[in-house]
**Q** 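For reference, the structure I am asking about is given below.
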Amino acid sequence: IQQVKEEVAVFTASDFGIEERPTLGDPELRLRVQGEVERLTGMANVKAFFQEMARTVAFVERGGDPRVLQTSLNLRLTGNPGTGKTTVARLIGRYLYAHGVLPRDTFVERNALALKGQFVGQTAPTVVEAVRDAMGGCLFIDEAYALADRGGDKFSGEVIRTLLTEVENHRTGLLVVLAGYADKMDGLMDQDPGLRRRFSMELRLDDYSPQELAEICESAAADRLRLSFAPGLRDALARHIAERHGHEIGQHNGGLAVTLAERAFRRLATRLGDPAGGGDAVGSAEARMLLPEDFQIGLPAASGAAASAERAEVTGAVPVVRSSPSSSSRLPAAKSARREGGAGGQELRAVHPPPKRGRSQGELLLGGRWREAVGTLARGFAEELLRGMEQAIEGDDQDNLDEDMPEGGGSGPAPQEGRTGAQAKARAQAREKPKEKPREVEEEAIPVQEGEKVVEEMSTLEALDQLGLCPANFEWIELNVAEPPDENCGICNYRLSDGYRCGGGTHFVCMGCISEYKVKRG
C-alpha cells in the first residue's frame, strides 16, 4: 500500500498530456520538405543523405543521446554546371531546420570572390559578417574554388584562414556548404590542411542521364510554362537528347532541359500562329500540348553550319562558321578554265554538278539541303564577276593589242601568246597607276558645354572604380552574356543583356550605364 501511495504521489508528463519523447522540428514542414526531396530527379546519393539524417533524428526522438546532432555537418557539394548544387544546398538547410537540427530557417549565399577585401584588413570582417548573417542556418559559398585559382593571393589566404576559424568556433550552430567543380575543389582543399578536416563530407552530384533530362524538361514545361507532353513524348525526347545533345550534357545538365522546353514552346507558338492553320487551335487544348515536332524530333539531323546554329540556339553559344577548302578553290579553278578556253576563241565555263534532279531550290531549303541551293547561287554570282573582270581588262587594253599583233595584221583572232602578253601588260599598267588617297572625312566635333571639360576615355575597370562598390559594399563581377539574369539595371531600370552584378547577387548595372562613367566630364 505504501508503494502505491508513492507512485500516485508522483506526477508524470503523460498526466499533463505531454509526450515524454517530443518530436524535433516542425512536423508539417517535415512533410513538405520530404515531398520536395522525393520529387528530385536522380540524385540517389543525395536522397540517401537525407534518409540518413532522418534516421539520426529518429534515434534522438526515441531516447538516444542528443549529442549526436551536435557534430559538425559542414560539407562540400561538387558537380558540373547545372547539376543543382544551389538547389540541393537550399534543400539541405530547410531539411535540417525542419528536423530541429538547425535553429533557424536561414540561407545566406555568397560568392567566394565577394568575401575577398579590396585592401588589407577588410577581408576578415567581410567573412565574419557573412557568418554572422547565416548564424543558426546555412552559409552557402558558391564557386569556392575561385579562392585557389592561379595559386590564390594574400586575400584568398586570409578568407580561408578566417573561414576555418569561424567554422571551428561554431561547429554546431552553423552549416557551411562549399560548392564548385570537383577537380577545382580538390585544388582548394590542398590550400590548407584544415579544409579537408573541417569539410570532410562530400556530396558529388553526377551528370543527368538523357532519361532524367527528359523528365526535368517535362517538369519545367509543366511548372514554368503550364504545358503538357503528348503521350510517349518523354521517351522520344530522351532518345533525341542522347543522339543530338549527348556531348553537351556535361556542360549544361539541367539548364539544357529547361532551354529545350523554352525553345519547344516557341516552336509551338510559331506552329499554331500560322495564318493558314486558322486561329481556332490557339484557344484549344492543343495549344497547351507539346508535340515531337516542337523538339525537332524525327527531322533530319543538320550538318555543318546548320548544326552549329542549332547548337547555338539550344545552348546560347555563338556559332563559328568555317570556310571549306573545296569551295575556296573554286574561283581560281574557274578563272583558269576560262583562260584556257580563250585560245580557241570560245568561252569555257567551269562545270559543277547540278542539284539533284526533280527538286527546286525552295524544296532544298525546306528539306534542310540549303547548302546546295546557296552553292548554285554562289556559282552564278562568281561566273558573272569573272566575266565582268575579263571584259574590263580587255577594254582597258584595247589600244595596246595592236602592238602585240604579228606583222601583216589581219582581222582574225590574235594568237594566244600575243593575247596573254597584252593582258599581262595591261595589268602591270593598272598596278603602276597611282591610287587616289581616300578622302578624310572630318568628324563632327561634339559640342562641349560651358564649364565642361572632356578627358581621355577610361577603361571598364576604371569606370567601375568611379562607380564604386554596390550599396551592400560588394565588388562588381562581370555577367555571362550567354545567360544573362532576369533582372533590370539598378540605374536605368532596363532589362539586362550584359554588364556586371555585385558579389552579393542583389545589385546589377548594365554596360550602357558603365559607359557613362568612362568619359569623365569636369
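Computed from a prediction, not measured in an experiment: that's the story for all the values here.
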**Q** Is there side-chain contact between H507 and I491, with at least one heavy-atom pair below 4.5 Å?
**A**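 Answer no - side chains too far apart.
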
**Q** So do L174 and V131 actually touch side chain to side chain, heavy atoms under 4.5 Å?
**A**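 Answer yes - side chains close enough.
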
**Q** Is the shortest heavy-atom distance from the side chain of E202 to the side chain of L75 under 4.5 Å?
**A**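 Heavy-atom side-chain distance check fails, nothing below 4.5 Å.
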
**Q** With distance as the sole test, does W476 use its side chain to make a donor-acceptor pair with the main-chain N or O of F508 at under 3.5 Å?
**A**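 Checked: no pair found.
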
**Q** Are E38 and K47 close enough, and set up right, to give a side chain to side chain contact (heavy atoms under 4.5 Å, CB included), and what steps lead you there?
**A** CA-CA 8 Å; E38 293 175 355; K47 295 178 181 179; 6.0 Å; no

**Q** Is a side-chain donor or acceptor of D26 paired with a backbone partner of A98 at a separation under 3.5 angstrom?
**A**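 Absent.
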
**Q** Under 4.0 Å between a Lys/Arg side-chain N and an Asp/Glu carboxylate O for R271 and E293?
**A**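 Yes, this pair counts.
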
**Q** Taking all heavy atoms of P210 and all of A238, pick out the closest pair and write down the distance.
**A**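 Smallest heavy-atom distance, with atoms named: CB-O, 3.4 Å.
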
**Q** Compare all side-chain heavy atoms of V167 with those of F199 and state whether any distance is below 4.5 angstrom.
**A**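 They are in side-chain contact.
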
**Q** Between V177 and K85, does a side chain to side chain contact (heavy atoms under 4.5 Å, CB included) hold up when you go through it step by step?
**A** CA-CA 10 Å; V177 179; K85 294 184 287 293; over 6 Å; no

**Q** Can you name the closest pair of heavy atoms from R104 and M135 and give their distance?
**A**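 Looks like NH1-O, 2.7 Å.
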
**Q** So, for L290 and L233, which heavy atoms are closest and what is the spacing to 0.1 Å?
**A**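 Taking L290 first and L233 second, the nearest heavy atoms are O-CD2, 3.3 Å.
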
**Q** Could E28 and R30 be called an ion pair, given the rule that one side-chain N must be under 4.0 Å from one carboxylate O?
**A**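 Judged by the 4.0 Å cut-off on N to carboxylate O distance, E28 and R30 do not form a salt bridge.
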
**Q** Is the shortest heavy-atom distance from the side chain of R110 to the side chain of L115 under 4.5 Å?
**A**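 They are in contact (side-chain heavy atoms under 4.5 Å apart), so the answer is yes.
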
**Q** Looking only at heavy atoms, which two atoms of Y181 and G79 are closest? And how far apart?
**A**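 Result for this residue pair: CD2-O, 3.3 Å.
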
**Q** Does any part of the side chain of C510, heavy atoms only, come nearer than 4.5 Å to the side chain of L496, both counted from C-beta?
**A**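 A side-chain contact exists here, since the closest heavy-atom pair is under 4.5 Å.
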
**Q** Looking only at non-hydrogen atoms, find the nearest pair between L291 and A230 and report the distance.
**A**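 It is CD2-CB, 3.9 Å.
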
**Q** Taking atom CZ of R224 as the centre, does the number of heavy atoms from other residues, nucleotides or ligands within less than 6.0 Å exceed 12?
**A**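 Incorrect, the count does not exceed 12.
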
**Q** Under 3.5 Å, is there a donor-acceptor pair between the side chain of N45 and the main chain of R204?
**A**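 Answer holds: yes.
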
**Q** Are the charged groups of R263 and D294 less than 4.0 angstrom apart, N to O?
**A**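 So R263 does not pair with D294 through a salt bridge.
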
**Q** Working to the nearest 0.5 Å, report the span between CZ of R94 and SG of C138.
**A**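 R94 CZ to C138 SG: 12.5 Å, rounded to 0.5 Å.
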
**Q** Nearest 0.5 angstrom please: L464 CG to I477 CD1, how far?
**A**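 That separation rounds to 11.5 Å.
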
**Q** Assess the residue pair D142 and N111 against the criterion (side-chain hydrogen bond (donor to acceptor under 3.5 Å, both in side chains)); give the C-alpha distance rounded to whole Å, side-chain angles, the decisive distance to 0.1 Å, and a yes or no.
**A** CA-CA 5 Å; D142 194 13; N111 187 281; 5.3 Å; no

**Q** Are F229 and C217 close enough, and set up right, to give a side chain to side chain contact (heavy atoms under 4.5 Å, CB included), and what steps lead you there?
**A** CA-CA 10 Å; F229 272 27; C217 184; 4.0 Å; yes

**Q** Atom CG in D105, atom CZ in R90: separation rounded to 0.5 Å?
**A**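 CZ of R90 is found 10.5 Å from CG of D105.
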
**Q** Going through the checks in order, is the ring pair (Phe, Tyr, Trp, His ring centres under 6.0 Å) test met by H240 and H245?
**A** CA-CA 8 Å; H240 176 75; H245 307 285; 5.6 Å; yes

**Q** Is it the case that atom CZ in R288 sees more than 12 heavy atoms from other parts of the structure closer than 6.0 Å?
**A**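 More than 12 within 6.0 Å, yes.
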
**Q** Does the side chain of N74 come within less than 4.5 Å of M201's, by heavy atoms?
**A**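 No. Closest side-chain heavy atoms not under 4.5 Å.
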
**Q** Is R226 reaching over with its side chain to a backbone N or O of A221, donor-acceptor style, under 3.5 angstrom?
**A**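 No, R226 side chain to A221 backbone: no donor-acceptor pair under 3.5 Å.
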
**Q** If you compare all heavy atoms of P103 against all heavy atoms of Y97, which two are closest, and at what distance to 0.1 Å?
**A**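 Looking at all heavy atoms of both residues, the shortest contact is O-CE1, 3.6 Å.
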
**Q** Quick check for you: to the nearest 0.5 Å, what is the distance between L213 atom CG and D207 atom CG?
**A**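 So the gap between those two atoms works out to 9.0 Å.
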
**Q** So, does N253 use its side chain to make a donor-acceptor pair with the main chain of P81 at under 3.5 Å?
**A**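 Such a contact is found between N253 side chain and P81 backbone.
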
**Q** Could you walk me through whether V128 and E166 pass the side chain to side chain contact (heavy atoms under 4.5 Å, CB included) test, one step at a time?
**A** CA-CA 7 Å; V128 172; E166 294 298 320; 3.6 Å; yes

**Q** Only one of D190, L77, L195, T78 passes side chain to side chain contact (heavy atoms under 4.5 Å, CB included) with M185; say which it is.
**A**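 Filter result, single survivor: T78.
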
**Q** Any chance you could measure T56, atom OG1, to Q51, atom CD, to the nearest 0.5 Å?
**A**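 T56 OG1 to Q51 CD: 10.0 Å, rounded to 0.5 Å.
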
**Q** Name the orientation class of the two ring planes belonging to Y95 and F50 (parallel below 30°, tilted from 30 to 60°, perpendicular beyond 60°).
**A**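 If you compare the ring of Y95 with that of F50, the planes turn out tilted.
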
**Q** Ion pair present between E478 and R501, side-chain N to carboxylate O less than 4.0 angstrom?
**A**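 Here E478 does not pair with R501 in a salt bridge, since their nearest N and O are not under 4.0 Å apart.
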
**Q** Report the distance from atom CD of E212 to atom CD1 of I249, rounding to the nearest 0.5 Å.
**A**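 Rounded to the nearest 0.5 Å, the CD-CD1 separation comes out at 9.5 Å.
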
**Q** Got a salt bridge between E475 and K116, using NZ or NE/NH1/NH2 to carboxylate O under 4.0 Å?
**A**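 Salt bridge between E475 and K116, a charged N being under 4.0 Å from a carboxylate O: no.
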
